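Excluded from the calculations below are hydrogen atoms, water molecules and symmetry mates; all remaining heavy atoms, backbone and side chain alike, are included. What you see is a predicted model, and the numbers here were worked out from it, not measured in a lab.
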Amino acid sequence: AHVLLGIGGSLLLVLAAVVARRPPEPVGDEPRPLREVVRSGEFLAMYAATFLGATALFVPLVYLPTVAVAEGVSPVAAAALIGVIGVASVVGRLVIGALADRAGRVRTFQACFAVLAASFVIWLVGSSWPGLLAFAIVLGTGYGGWIALQPTVLAELFGVRGLGGLVGLVYTAAGIGALVGPPLAGVLVDATGGYRWAVAAAGLCGLGAFLALLPLPARPAPADFTA
């Protein structure tokens, strides 16, 4: 099954690459140098939030089914929790994306990280199937809003010139967070003999991501940059 999923995913990626088209060249003022942008407080806040958010996010993506089984949930229902996170993230992208147009993209983006952080409180206090289900829904909703809004927030902060390169650069933080989050959680699980400290640490990472974003201006003036 995993081999078939891998082959199918690879074919879809190739198809996406074939049908992709280069977007029109953006117009506007001369862009800021990228080295100047990456030293700005706004970029550092976005990079730190992305790293901490990913560190928190990938803990349940790796350990949630295992925790659920340990709490007496059937293996099928435990595995389904990851699917619930995915479905909730789709809903979050659609609903929160529309909400951001009215409430403001930056403030809504910040709220997504607050929701992500708060979801770990649900995991800590509710280890039964309904509690874990509620956690998966809330986590997925915050995660979906985060992913939907991050490129638009970057565009609002820095403009659209060279946006693709900047988005890719910021997402390196997500890759690093995904790399270190689960192993660090595993160290805590081994050291404490349970999952509560790992869950609490992930929640603190989510809270740190939210706090990192608080200095961002709600309606910043656009500024372009070069990749």
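- Contact between R35 and V38 at its shortest, heavy atoms only, is O-CG2, 3.3 Å.
- Note: the hydrophobic cluster containing V73 does not contain V87 (ILVMFWY, side chain heavy atoms under 4.5 Å, direct or indirect links).
- Residues P65 and A78 approach most closely at O-CB, 3.5 Å, considering heavy atoms.
- Side-chain contact between Y47 and I176: present, with at least one pair of heavy atoms (C-beta onward) separated by less than 4.5 Å.
- The aromatic ring centres of F109 and F113 sit less than 6.0 Å apart.
- Taking every heavy atom of both residues into account, A45 and L213 meet most closely at O-CD2, 3.9 Å.
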Candidate pair T172 and F51, rule side-chain contact (heavy atoms from CB on, under 4.5 Å), full reasoning: CA-CA 8 Å; T172 62; F51 167 72; over 6 Å; no
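- Of the inter-residue distances, the one linking I137 atom CD1 with S89 atom OG reads 12.5 Å to the nearest 0.5 angstrom.
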With side-chain contact (heavy atoms from CB on, under 4.5 Å) as the criterion, how do V115 and Y143 come out once you've worked through the C-alpha distance, each side chain's angles and the decisive distance to 0.1 Å? CA-CA 8 Å; V115 170; Y143 161 56; over 6 Å; no
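- Using a 4.5 Å heavy-atom threshold, the side chains of R102 and T108 count as separate.
- Side-chain atoms of T152 come within 3.5 Å of backbone atoms of L149 as a donor-acceptor pair (strictly under, hydrogens ignored).
- No continuous path of ILVMFWY side-chain contacts below 4.5 Å connects L188 to L179, so the two sit in separate hydrophobic clusters.
- Under a 3.5 Å cut-off, the side chain of Y63 and the backbone N or O of P182 do form a donor-acceptor pair.
- Nearest heavy atoms, A56 versus A202: CB-O, 3.1 Å.
- Grouping the Ile, Leu, Val, Met, Phe, Trp and Tyr side chains by contacts below 4.5 angstrom, directly or via other members, places L57 with V167.
- In the hydrophobic clustering of ILVMFWY residues, with side-chain heavy atoms under 4.5 Å counting as a link, V69 and V59 come out apart.
- Listed here is the closest heavy atom pair of P60 and I82: O-CD1, 3.8 Å.
- We find the CD-CG distance between Q110 and L211 to be 10.5 Å, quoted to the nearest 0.5 Å.
- A 4.5 Å side-chain heavy-atom check between V106 and P217 finds every atom pair outside the cut-off.
- Side-chain heavy atoms closer than 4.5 Å link hydrophobic residues (I, L, V, M, F, W, Y) into clusters, and following such links, even through other members, never connects L139 to V91.
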When you look at V180 and F58, which way does the side-chain contact (heavy atoms from CB on, under 4.5 Å) test go after all the steps? CA-CA 9 Å; V180 304; F58 279 85; over 6 Å; no
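- In summary, the side chains of Q150 and T50 do present a donor paired with an acceptor at a separation below 3.5 Å, with no hydrogens or angles considered.
- Between Y195 and T66, the side chains place no donor N or O within less than 3.5 Å of an acceptor N or O (distance only, hydrogens not considered).
- In this structure, L132 CG and L81 CG are separated by 6.0 Å, a value rounded to the nearest 0.5 Å.
- Between the CG atom in L163 and the CG atom in L154 there is a gap of 6.5 Å [rounded to 0.5 Å].
- Of the possible polar contacts, none joining the R93 side chain to the I147 backbone as a donor-acceptor pair under 3.5 Å is found.
- How far OG1 of T55 is from CG of L204: 12.0 Å, rounded to the nearest 0.5 Å.
- Of all non-hydrogen atoms in G142 and C112, the two that sit nearest each other are O-CB, 3.6 Å.
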As a quick check of understanding, evaluate side-chain contact (heavy atoms from CB on, under 4.5 Å) for F43 and V170, giving each step before the final call. CA-CA 8 Å; F43 176 85; V170 170; 3.6 Å; yes
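- The distance from atom CG of L116 to atom CG of L52, rounded to the nearest 0.5 Å, is 11.0 Å.
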